[in-house]
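Have a look at the structure below before the remarks.
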Amino acid sequence: MELLCPAGNLASLKTALNAGADAVYLGLKDDTNARSFAGLNFTPKKLREAVQFTKKQGKKIFLTINTFPKPGEEKRWYEAVDIAANTGIDALIVADLSLLDYAHSRYPHLPLHLSVQASATNLGALQLYKEEFNIERAVLPRVLSMKQVRDLAKVTPVDLEVFAFGSLCIMAEGRCHLSSYVTGQSPNTGGSCSPAKHVRWQEEGQDRLTRLNEVLIDKSGIDEQMGYPVVCKGRYITEGDNAPSHLLESPTSLNTLSLLPELAKANVVSLKIEGRQRSPAYVEQVTKVWRNAIDTYLRDPQNYQTQAEWDRALSKVSEGQTTTLGAYERTWQ
Amino acid sequence: MKASLGPLLYCWPKEKVMEFYKSVADSSIPLVYLGETICSRRRELKFSDYMEIANMLRESGKEVVISTLALLEAPSEYSELKKQVANGEFIIEANDMGAVQAAKEKGLPFICGPTVNNYNLASLKKLHAWGMQRFVMPVELSKNWLNTVLSVEKPGFEVEVFGHGYLPLALSARCFTARHQGLAKDKCQTICLSNPKGLLAQTQESQPLLRLNGIQTQSAACIDLSPEIGEMAKMGVDYFRVSPSGMQCISLAEQLFEADVSGRVANTEDRCNGYWYQEAGFNNLS
């Protein structure tokens, strides 16, 4: 089982590899990638450095080009594919049909992974991408239960990668317009979810008001632990309710340490750690724990158990300092 | 350019659905989409019921499309989808790439619904080559986007715009309606029946923001692009979709193309049109 870690910059990449990642994923410093936060990501020059460093360590490096090209500007996305192909990347993570087509026809030997933004959750979708573009792997959106992952893994024509840890996206990824509905910027077209420039915190007495493009998405105590503000994790009021509540989801992170044996038995090939926008300290902490957990499992699969100290270490870097199994667990749904 | 009626996104009792489509059959709406697109636990109507309605609509002169589930998770849902695709009589609206595959495999034509990620002409052409006859523009895209796509050449497929109704914004594994009622998804008692227009969620400053419809999240505001119809027609849009939220949508869809447009936008609820102008979707520009 591969441990795949995020690299928002070269420092994170080195940290991840030193801490035990088998592979890293990263994006270019432009809107060809859905995590286009300011100050993050890689120029073509930095990408070359990243590839060299990773190769020297005998590890793998994947480039995400996971936004959908804008009409009239397709050339930039095609150039990103060209850059990737000529830099020695191990695989490209792509969502858009036209880009899959371009990459597959121009660079047939460059392995393609279907990005989570493509939102493929079923056999038909996986077959389509396999038949047409020969994808090797698909990243599953965080909407399937463990049983559904297992069922899909039995019939899938491609390898499966799942999210193992990190901020919990509760919607079918790539098909969520909540951020663009409120801010006008879409992760699908090169923005990011809840762009920082639209976030404003405001203190009022003992309350902290969180606004996204001036819409009040949450009101919390000054000392309350909060996650990064996104529409789906806000507190709202319905007709007939008096008190605001997390109607969709509370700020929490996904943590599947306890599912590790099941994911392994289902033949999931890669465990993805979310968080290209997070610090090298986060990447180090999470990578170390997961390396340890995977090694522990592989040494003695029968007796694997999540250790309290792993959970403690991961809680510290989790949203709201709480974690969940999310959709993997049917009761969450 | 003509009106179309999108699939009913809410869970209504069977009698109400039948009554709704009887009125649709008597209307002048030429194109009707039909079927459960949100949740396979909604079993008020079976596949055979939808086929019956589809036949009734066709007999009254409508073009009918069977809309399929937008989020396919369980193997049983994919099997059901394949059955819908192979219905032998009606074209389908694919709301997931799995449905595209199911149609393509059988060599059947299909329509792409708004939840298929179509963001550029090259992708649309690919889908067209696989059998796509028409696509509904993803709701977050704009007039400029469409102009750019349509200005290159006249495409071989038709174009439909989600022009009126509550916007489909997101899909989750979690059923927000059941959860709000303290029910488990697997024992939901089809509680969506109690929210025929979804459940409105407001901010703590009483700003209507979202509408919870089972596993779907919609906009609280109603998109209304009816003042843009003239412009859309010039651009080459083929259909203006009305997404139904009540019986009144039938007459609304009929009136869209009447010469006298006064009073077309009659009710006073929250409106939005931001996406059309490349802005935040909830904005309302006059």
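Letters go in sequence order (proteins before strands), and every chain restarts at 1.
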Next on the checklist: If I compare all heavy atoms of A/Ile65 with all of A/Trp77, which pair ends up nearest, and what's the gap?
Outcome noted: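 Result for this residue pair: CG2-CD1, 3.9 Å.
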So, [X] and [Y]: side-chain donor and acceptor under 3.5 Å apart, yes or no?
| X | Y | result |
| --- | --- | --- |
| A/Gln202 | A/Arg211 | yes |
| A/His177 | A/Asn188 | no |
| A/Trp332 | A/Ser145 | no |
| A/Arg175 | A/Ser119 | yes |
| B/Asn273 | B/Asp224 | no |

Relative to chain B, which of [options] shows the most heavy atom pairs under 4.5 Å?
| options | result |
| --- | --- |
| A/Val182, A/Leu144, A/Asp151, A/Thr183 | A/Val182 |
| A/Ala327, A/Gly72, A/Ser186 | A/Ser186 |
| A/Val215, A/Leu216, A/Leu123 | A/Leu216 |

Next on the checklist: Taking side chain to side chain donor-acceptor pair (under 3.5 Å) as the definition, give me every residue that meets it alongside A/Thr324, ordered by chain and number, with sequence neighbours left out.
Outcome noted: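 Partners of A/Thr324 by the side chain to side chain donor-acceptor pair (under 3.5 Å) criterion come out as none, since no residue qualifies.
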Between [options], the one whose heavy-atom pairs under 4.5 Å with chain A are most numerous:
| options | value |
| --- | --- |
| B/Val100, B/Leu209, B/Thr217 | B/Leu209 |
| B/Ala99, B/Ser172, B/Pro208 | B/Ser172 |
| B/Lys82, B/Lys185, B/Glu140, B/Gln207 | B/Glu140 |
| B/Asn118, B/Leu199, B/Val149 | B/Leu199 |
| B/Arg174, B/Met97, B/Lys125 | B/Arg174 |

Item to check | Which atoms of B/Ser219 approach chain A - backbone, side chain, both or neither, heavy atom under 4.5 Å | outcome: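 Answer is both: backbone and side chain atoms of B/Ser219 are under 4.5 Å from chain A.
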Checklist entry - In Å, rounded to the nearest 0.5 Å, how long is the span from OG1 of B/Thr68 to CD of B/Glu93? => result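 Atom-to-atom, B/Thr68:OG1 and B/Glu93:CD are 7.0 Å apart.
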Next on the checklist: Would you compute the distance between atom CE of A/Met146 and atom CG of A/Leu259 and round it to the nearest 0.5 angstrom?
Outcome noted: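 Rounded to the nearest 0.5 Å, the CE-CG separation comes to 6.0 Å.
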Checklist entry - Just checking heavy atoms, which of residues 274-285 of chain B are less than 4.5 Å from chain A? => result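 So far as heavy atoms go, B/Tyr275, B/Glu279, B/Ala280, B/Gly281, B/Phe282 are the residues that approach chain A to under 4.5 Å.
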Item to check | Inter-chain contacts: residues 69-79 of chain B against chain A, heavy atoms under 4.5 Å | outcome: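 Listed by number: B/Ala70, B/Leu71, B/Leu72, B/Glu73, B/Ala74, B/Pro75, B/Tyr78.
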For a quick test of your reading: what N or O donor-acceptor pairs under 3.5 Å do the side chains of residues 126-133 of chain B make, sequence neighbours left out?
from, atom 1, to, atom 2, distance (Å)
B/Lys126, NZ, A/Asp101, OD1, 3.4
B/His128, ND1, B/Met132, O, 2.9
B/Gln133, NE2, B/Gly131, O, 3.1

